[in-house]
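Chain identifiers are assigned alphabetically (A, B, ...) following the order of the sequence lines, protein sequences preceding nucleic acid strands; residue numbering begins at 1 within each chain. Model, not experiment: these values are computed from the prediction. Values below: all heavy atoms of this structure, side chains included; hydrogens, waters and symmetry mates excluded.
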Number of protein chains: 2
Amino acid sequence: MRPTIYDVAQVAGVSIATVSKVINKTGNISEKTRLHVKNVIKEMEYEPSSIASALSKKKTKTIGIIVPNIANPFYGEITRLLEQIANRHDYSIILSSTYNHPEREKQYIRFLLQKEVDAIIIGTELLSDQVIKKLNKRNIPIAKLSVPIEEKNVISVTTDNYAGGYLAARYLYENGHLTTKIIGDLTRQSECDRVAGFRAFYKEKGIVISDDQIISREPLFEEESPFIDLVLKGAEKVTAIFSTTDFQAVLTMNALHELGYSIPNDYSVIGFDNTMYAKLSQPTLTTIEQPIREMTELLFQQLLCAIETEEMTYKVNVFTPRLIERQSVCNIHKNSSYR
Amino acid sequence: MRPTIYDVAQVAGVSIATVSKVINKTGNISEKTRLHVKNVIKEMEYEPSSIASALSKKKTKTIGIIVPNIANPFYGEITRLLEQIANRHDYSIILSSTYNHPEREKQYIRFLLQKEVDAIIIGTELLSDQVIKKLNKRNIPIAKLSVPIEEKNVISVTTDNYAGGYLAARYLYENGHLTTKIIGDLTRQSECDRVAGFRAFYKEKGIVISDDQIISREPLFEEESPFIDLVLKGAEKVTAIFSTTDFQAVLTMNALHELGYSIPNDYSVIGFDNTMYAKLSQPTLTTIEQPIREMTELLFQQLLCAIETEEMTYKVNVFTPRLIERQSVCNIHKNSSYR
DNA sequence: ATGAAAGCGCTAACAG
DNA sequence: CTGTTAGCGCTTTCAT
């Protein structure tokens with residue numbers, strides 16, 4: 001049977017309070033008993049129960065995180081970093097993918113509430129303000145990836161999506177691409193912003209990107225076959241495709257390859273996020289960088305601060321996107337063989 | 001403030017025992033009070049504290065999982081599936097990547113012990129028997145991915161690695177590849193087995209693969225540049241490369257591309273696992289399939305059974321690997337342009 | 001069918 | 001510097 005603090009106390013010949021104090025380095029304990037207790041703990045292989053501790057301290061040292069799909073490398077990387085950082089701080093994380101299912105989303109929130117997580121990180125964009133209000137009533141800090149929101153107790157961390165879209169458009173334009181199409185998940189505000197920035201640039205140049213050049217689609221790896229039919233829909237006269245996430249871009253390139261096209265010779269593709277996939281794909285993917293590591297670090301740090309101080313203000317952090325040039329976009333002027 | 005079972009009981013005008021019973025559907029409660037209590041719960045937005053419940057039930061409904069690197073898509077997919085399955089059963093999982101760091105591994109085990117997880121899933125291969133013994137002393141069920149082990153309380157789920165390696169070799173051989181090299185992480189027994197099977201086939205054909213045709217390396221995305229130098233080391237006369245995981249294979253192809261080689265024309269590459277990467281890479285990757293979904297499902301089911309019955313036997317499940325033919329291996333006979 | 005009360009393992013005053 | 005004790009929120013006998 002697992003030893004408890006009582007067992008340790010008994011063997012060490014002290015009270016449980018003393019044991020508790022040496023474990024938590026609180027109060028004043030003489031060096032002698034401290035060492036002695038430590039030894040007993042080691043010998044008995046005693047591990048304090050974090051759940052009992054959580055119950056009395058009312059802090060679980062657990063953070064919940066809700067994302068649309070962990071297969072999306074952007075969320076994959078964020079989660080991975082978060083796990084590392086959290087672990088450094090002795091926190092653990094509970095992860096949930098909701099696949100854009102509102103039911104699942106609510107269900108997960110309740111699940112996290114039951115787990116009494118100290119904070120919740122939200123990467124999905126379905127959650128209504130109502131849910132956030134409900135969380136606020138319980139006074140639990142929230143971090144929102146994606147679109148900022150000025151709400152009590154919520155920390156927003158994002159990249160300037162509009163600027164990023166604008167950047168992508170400018171790069172394509174400078175490389176001679178006048179006809180483009182866009183593939184993204186327009187149920188997400190953040191991706192709409194990217195699209196808006198993209199269109200805005202072209203509009204400035206007198207080029208209007210019509211709605212039927214835009215495909216809205218939740219990127220899913222599993223059901224890619226229907227995507228093959230979609231990817232070129234209405235794209236007869238197009239030379240470049242803007243995929244609003246790297247994940248989507250990789251799926252796009254994959255579909256294009258399956259259709260027998262070559263990238264960037266037949267189609268140029270530009271992504272958004274600058275995840276691992278962008279570097280590993282073939283051709284490597286030109287994309288808009290989000291500084292994932294910095295974002296994650298800042299997010300965690302602010303969250304920690306909110307948890308510990310129990311402060312209740314909101315914070316909005318907007319990072320600046322950057323273009324990462326790789327191989328998936330060709331310069332149409334230099335490429336005479338372009339269709 | 002978050003309502004407790006006492007608040008609910010008071011508002012509903014019943015005892016906390018009654019409330020507890022309606023929540024857990026235990027004992028006998030009249031339909032009338034049951035409904036009434038349920039209503040009060042809904043109105044108050046009461047969520048039972050799973051940590052308080054865990055303390056008294058001595059079950060946390062949490063499972064710990066330790067893998068070498070979650071960036072490896074094999075573990076990524078397993079984890080994703082596990083999370084889904086676990087969630088269906090109202091379990092949550094705590095994930096940890098150890099990056100083959102023995103210190104981290106031990107530290108994580110202790111962490112999980114403190115979290116009082118109901119079971120531990122181990123994907124790493126460093127953990128000594130000693131650690132498993134220690135876990136057994138606490139009577140906590142263990143599931144081991146990778147190499148089977150016949151130990152009390154541990155469930156092993158694996159693919160026949162030797163057979164898989166053999167299969168890979170046969171396929172390469174049949175496609176005319178007589179000179180090959182191998183890249184894998186030989187600190188892992190499972191990958192050694194794959195290598196052994198691979199070599200065994202070639203040996204049967206009278207071809208000996210010498211040790212210097214084998215590169216042992218932990219697949220890491222971050223530091224790939226040194227890998228570029230390595231990938232072709234001693235491979236002057238080679239036509240095909242066996243990477244013992246898909247992750248490694250993708251990194252290998254990436255390095256090869258950076259060196260200006262084309263796949264499969266300059267080098268054929270075969271992987272192991274059949275993860276998402278295999279389908280998304282360009283060229284798509286010929287690989288040995290592990291039935292990840294089935295493995296994960298079986299693993300969870302057996303683990304659940306062990307948790308609930310508190311039975312203490314061991315189980316060994318070995319799945320059969322299968323070759324998945326894609327584009328990364330060429331037939332050397334048909335390909336006259338081969339170097 | 002319902003409730004009283006002991007206990008799960010730990011923390012945090014408070015007393016000594 | 002050390003120990004006593006009252007919770008933390010819930011489950012579970014055992015009475016009633």
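Remark: B:V14, B:S15, B:A17, B:T18, B:K21, B:N28, B:I29, B:S30 in residues 9-30 of chain B come within less than 4.0 Å of DNA chain C through at least one heavy atom. Contacts between residues 32-42 of chain B and DNA chain C, defined by a heavy-atom separation below 4.0 Å, involve B:T33, listed by number.
The number of heavy atoms from other shown groups lying within 6.0 Å of CD (B:E47) is above 12. The environment of A:K106 atom NZ is sparse: at most 12 non-hydrogen atoms of other residues, nucleotides or ligands sit within 6.0 angstrom. Surrounding NE2 of B:H101 are at most 12 heavy atoms belonging to other residues, nucleotides or ligands under 6.0 Å away. Within 6.0 Å of the NZ atom in A:K38, the count of heavy atoms belonging to other residues, nucleotides or ligands does not exceed 12. Heavy-atom neighbours of A:R138 CZ from other residues, nucleotides or ligands within 6.0 Å: above the threshold of 12.
Following rounding to the nearest Å, B:I51 (CD1) and D:dC10 (C1') show an atom-to-atom distance of 10 Å. Distance NZ (B:K61) to P (D:dC10): 17 Å, rounded to an integer number of Å. A straight line from CD1 of B:I5 to C1' of D:dC8 spans 13 Å, rounded to a whole angstrom.
Of the two residues contacting DNA chain C, namely B:E31 and B:A52, the nearest-nucleotide position lying further toward the 5' end is that of B:E31.
With 3.5 Å as the limit, one finds a donor-acceptor pair spanning the side chains of B:E116 and A:S49.
When DNA chain C is scanned in the 5' to 3' direction for atoms under 4.0 Å from non-hydrogen atoms of chain A, the outermost contacting nucleotides are C:dG9 to C:dA12.
Using a 4.0 Å cut-off between charged nitrogen and carboxylate oxygen, A:E31 and A:R34 count as a salt-bridge pair. Salt bridge B:K137/A:E45: present, at least one basic N to carboxylate O contact under 4.0 Å.
The two residues B:R2 and B:D7 make their nearest non-hydrogen contact at O-OD2, 4.2 Å.
Atom OG of A:S53 is separated from atom CG of A:N24 by 6.5 Å, given to the nearest 0.5 angstrom.
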